[in-house]
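We're numbering straight along the sequence, starting at 1.
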Amino acid sequence: MVEITDEYMKKRLSLTRTYCLCILKSTPKRNEAGVDKIVWEHGRRNFSLLAEGILPIVCPVADGSDVSGIGIFDRPVEEVRRIMDGDPAVKAGLFTYELYTCRGFPGSALP
């Protein structure tokens with residue numbers, strides 16, 4: 001492992017910013033017939049939010065649990081709540097969500 005000094009940690013921690021973590025969960029309605037078109041439009045919306053830089057990290061989860069996805073928004077919680085309340089799959093009752101304020105390092109990316 002790379003050795004990390006206290007000075008390095010202090011400098012990096014001073015660069016963190018506030019983000020909003022969203023945990024998307026499926027409801028029983030997600031398994032109903034005919035909902036795939038709504039989920040597709042949910043995905044299209046996520047692509048748009050990603051392209052606009054509003055939702056820079058999108059991680060769908062398909063492990064059989066009730067968690068359907070995790071996203072990190074570059075917006076405050078209240079704005080993300082408005083965004084998520086307008087999501088077609090949330091409006092249709094297919095997904096619910098939980099929001100958390102978190103800190104992260106700007107420029108972080110998936111490998």
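The closest side-chain heavy-atom distance from Pro106 to Arg17 is below 4.5 Å. Using a 4.5 Å cut-off on side-chain heavy atoms (C-beta onward), Val90 and Thr96 make no contact. Looking only at side-chain heavy atoms (C-beta outward), Leu24 and Ile70 stay at 4.5 Å or farther from each other. Residues Ser68 and Lys25 are not in side-chain contact: their nearest non-hydrogen atoms beyond the backbone lie 4.5 Å or more apart.
Counting only residues at least two apart or in different chains, side chain to side chain donor-acceptor pair (under 3.5 Å) contacts with residues 28-40 are absent. Legend: ring pair (Phe, Tyr, Trp, His ring centres under 6.0 Å) pairs involving residues 41-97, not counting sequence neighbours, sorted by first then second residue: His42-Phe95. Listed by first and then second residue, the side chain to side chain donor-acceptor pair (under 3.5 Å) pairs involving residues 102-111 are Thr16-Arg103, Thr18-Arg103 (not counting sequence neighbours).
Rounding to the nearest 0.5 Å places CG of Asp6 at 15.0 Å from NZ of Lys11. Note that the CG atom of Leu15 and the CZ atom of Arg12 stand 6.0 Å from one another [nearest 0.5 Å]. Expressed to the nearest 0.5 Å, how far OG1 of Thr101 lies from CD of Glu78 amounts to 9.0 Å. The CZ atom of Arg81 sits 8.0 Å away from the SG atom of Cys20 when rounded to the nearest 0.5 Å.
Taking Ile, Leu, Val, Met, Phe, Trp and Tyr as members and joining any whose side-chain heavy atoms lie under 4.5 Å apart, directly or through other members, the hydrophobic cluster of Phe105 also contains Leu13.
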Exercise for review: Give the C-alpha distance, both sets of side-chain angles, the deciding distance and a yes or no for side chain to side chain contact (heavy atoms under 4.5 Å, CB included) between Glu98 and Cys22.
Suggested key: CA-CA 6 Å; Glu98 299 171 0; Cys22 178; over 6 Å; no
**Study point:** Chi angles and distances behind the side chain to side chain contact (heavy atoms under 4.5 Å, CB included) call for Asn46, Leu55
**Key:** CA-CA 7 Å; Asn46 282 348; Leu55 179 59; 3.7 Å; yes
Point to revise | Evaluation steps, side chain to side chain contact (heavy atoms under 4.5 Å, CB included), between Ile23 and Tyr100 | key: CA-CA 8 Å; Ile23 300 176; Tyr100 301 91; 3.9 Å; yes
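A continuous path of Ile, Leu, Val, Met, Phe, Trp and Tyr side chains, each step under 4.5 Å between heavy atoms, connects Val67 with Leu21, placing both in one hydrophobic cluster. When hydrophobic clusters are built by joining Ile, Leu, Val, Met, Phe, Trp and Tyr residues whose side-chain heavy atoms come closer than 4.5 Å, directly or via intermediates, Leu99 is not grouped with Ile57. Side-chain heavy atoms closer than 4.5 Å link hydrophobic residues (I, L, V, M, F, W, Y) into clusters, and following such links, possibly through other members, connects Met9 to Val2. When the side chains of ILVMFWY residues are joined at heavy-atom separations under 4.5 Å, either directly or via intervening members, Ile72 and Val80 end up in two distinct hydrophobic clusters. Residue Val77 is not grouped with residue Tyr19 when hydrophobic side chains (ILVMFWY) are merged at heavy-atom distances under 4.5 angstrom, including chains of intermediate members.
Salt bridge annotation for Lys91-Asp85: absent, with no cationic side-chain nitrogen under 4.0 angstrom from a carboxylate oxygen. The pair Lys10-Glu7 fails the salt-bridge criterion, with no side-chain N (NZ, NE, NH1 or NH2) lying under 4.0 Å from an Asp/Glu carboxylate O.
Applying the side chain to side chain donor-acceptor pair (under 3.5 Å) rule to Arg45 yields no partners; only residues at least two apart in sequence or on another chain are considered. Qualifying side chain to side chain donor-acceptor pair (under 3.5 Å) partners for Ser48, counting only residues two or more places apart in sequence or in other chains: Glu52.
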